[in-house]
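The first residue in the sequence is number 1, and the count goes up from there. Bear in mind the structure is a predicted one, so any value in this text is a computation, not a measurement. Whatever order the structure lists ligands and atoms in, that order sets their numbers, starting from 1.
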Amino acid sequence: MRILLLGGTAEGRVLAEVLVDAGHEVVSSVAGRTAQARDASDGRVGGFGGAAGLADYLRTNQIATVVDATHPFAARMTHNAWQACAELGVPLVRLSRPGWVEHQYASEWTWVADHQAAAAAAAGAGRALLTVGRQPLPNYHGLPNVLARVAEWQGAPVPAGWQILEERGPFSLDHELELLRSAQIAVLVSKDSGGEHTAAKVDAAHELGVRVIMVARPEPPVGLAQVASTAEVLEWLGRCGVS
Ligand code: NAP
């Protein structure tokens, strides 16, 4: 039975390997916005054309199950998967790494609901390090003094007073301390991406007294089955009769 794995994350790549090793037939799908390491599964690249396009894809390719391992902030893809799977009665599970709400310093941070609120909270706070990815950056264009760190940059114009830093995690605590110090950062803006790859920045911010503004995760669709680990995905597939 064929599994569609919606990926674009480190967890997605690991899960693809595990599922293939377990003998599953897996199609891994990525949006294609950044260069991606290949895994052992079959791959496809690019959007499906909304929920309706995804439903067509599921039908045409006889997909029995969908595992959504997209990033916690890839809300549109998750919503489309929810809609398409509900329409066709295809089982869907979301693999989502735990967020940082339980982090030891979480109560020190300014939690905001979205990027507009984050930009408002950062206004007047001094030089900002933005670690929110590339796409949300226009929300912050009103900030005068910014260092924006992105995994890949595609040369879009940024306001005067902005600098782009192109680097991809994981980042060590020493690296983050050095960056916050040398760039004279007063405020760090982050998404609640969770996981370990990029967590050192909040520890470094705590150590240096840098203020943290944290954008909360979008709410998943009500009733969506969610798990936090590869092992739980395998258990869930077993319960769906995919083994
Ligand atoms: P999004 O807003 O939820 O998705 C926008 C559109 O991109 C979707 O409607 C879909 O197009 C297409 N798409 C997204 N994920 C796809 C996938 N795995 N396979 C095929 N099409 C996909 O997502 P996003 O925030 O732009 O993120 C895009 C991708 O980057 C995701 O796969 C995500 O896992 C990865 N990523 C995102 C972040 C982040 O911070 N948002 C960070 C790291 C990695 P159609 O409607 O045409 O189907």
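Ligand 1 places these atoms under 4.0 Å from at least one heavy atom of Ala75: 3 (O). Close approach of ligand 1 to Thr9 is summarised as follows: ligand atoms under 4.0 Å from at least one heavy atom of the residue are 34 (O). Close contacts between ligand 1 and Gly50 involve ligand atoms 45 (P), 46 (O), 47 (O), 48 (O) [criterion: under 4.0 Å to a heavy atom]. Listed by number with element, the atoms of ligand 1 under 4.0 Å from a non-hydrogen atom of Gly47 are 11 (O), 21 (N), 45 (P), 47 (O), 48 (O). Interface of Gly8 with ligand 1, defined as ligand atoms under 4.0 Å from a residue heavy atom, comprises 34 (O), 35 (C), 36 (N), 44 (C). Within ligand 1, the atoms closer than 4.0 Å to a non-hydrogen atom of Lys191 are 39 (C), 40 (O), 41 (N), numbered from 1 in the order shown. Less than 4.0 angstrom separates some heavy atom of Arg44 from each of these atoms of ligand 1: 20 (C). Using a 4.0 Å cut-off to heavy atoms of Thr70, the atoms of ligand 1 that qualify are 18 (N), 32 (O), 34 (O).
Within a 6.0 Å radius of CD in Gln184, other residues, nucleotides and ligands contribute 12 heavy atoms or fewer. Applying the 6.0 Å contact sphere to NE2 of His141 captures more than 12 heavy atoms from other residues, nucleotides or ligands.
Under a 3.5 Å cut-off, the side chain of Glu178 and the backbone N or O of Asp174 do not form any donor-acceptor pair. At distances below 3.5 Å, not a single donor-acceptor pair connects side-chain atoms of Trp236 with backbone N or O atoms of Leu92. Remark: side-chain polar atoms of Trp153 are not paired, donor with acceptor, to backbone N or O of Arg134 under 3.5 angstrom. With Asp203 contributing its side chain and Ala200 its backbone, the two residues share no donor-acceptor pair below 3.5 Å. Remark: the backbone N or O of Ala69 is paired with a side-chain donor or acceptor of Thr9 at under 3.5 angstrom.
Heavy-atom distances between Val30 and ligand 1 reach below 4.0 Å in at least one pair. Not a single heavy atom of Gly133 sits under 4.0 Å from any atom of ligand 1. Taking 4.0 Å as the cut-off, Gly46 counts as a neighbour of ligand 1 on heavy-atom distance. The shortest heavy-atom distance from Gln135 to ligand 1 is under 4.0 Å. Not close to ligand 1: Gly53, with no non-hydrogen atom less than 4.0 angstrom away.
Judged as a salt bridge (charged side-chain N to carboxylate O under 4.0 Å, His left out), and not counting sequence neighbours, the contacts of Arg97 are Glu11.
Among His79, Arg134, Glu11, His71, the residue whose heavy atom lies closest to atom 43 (C) of ligand 1 is His71.
Here's the thing with Gly49: one of its N/O atoms is less than 3.5 angstrom from an N/O atom of ligand 1. Residue Met77 has at least one N or O atom closer than 3.5 Å to an N or O atom of ligand 1.
Under 4.0 angstrom from ligand 1, the non-hydrogen atoms of Asn80 all belong to its side chain.
Both tests hold for Arg44 against Phe48: distance to the six-membered ring centre under 6.0 Å, angle to the ring axis within 45°.
Nearest heavy atom pair, residue Lys201 against residue Ser190, reads NZ-OG, 3.2 Å.
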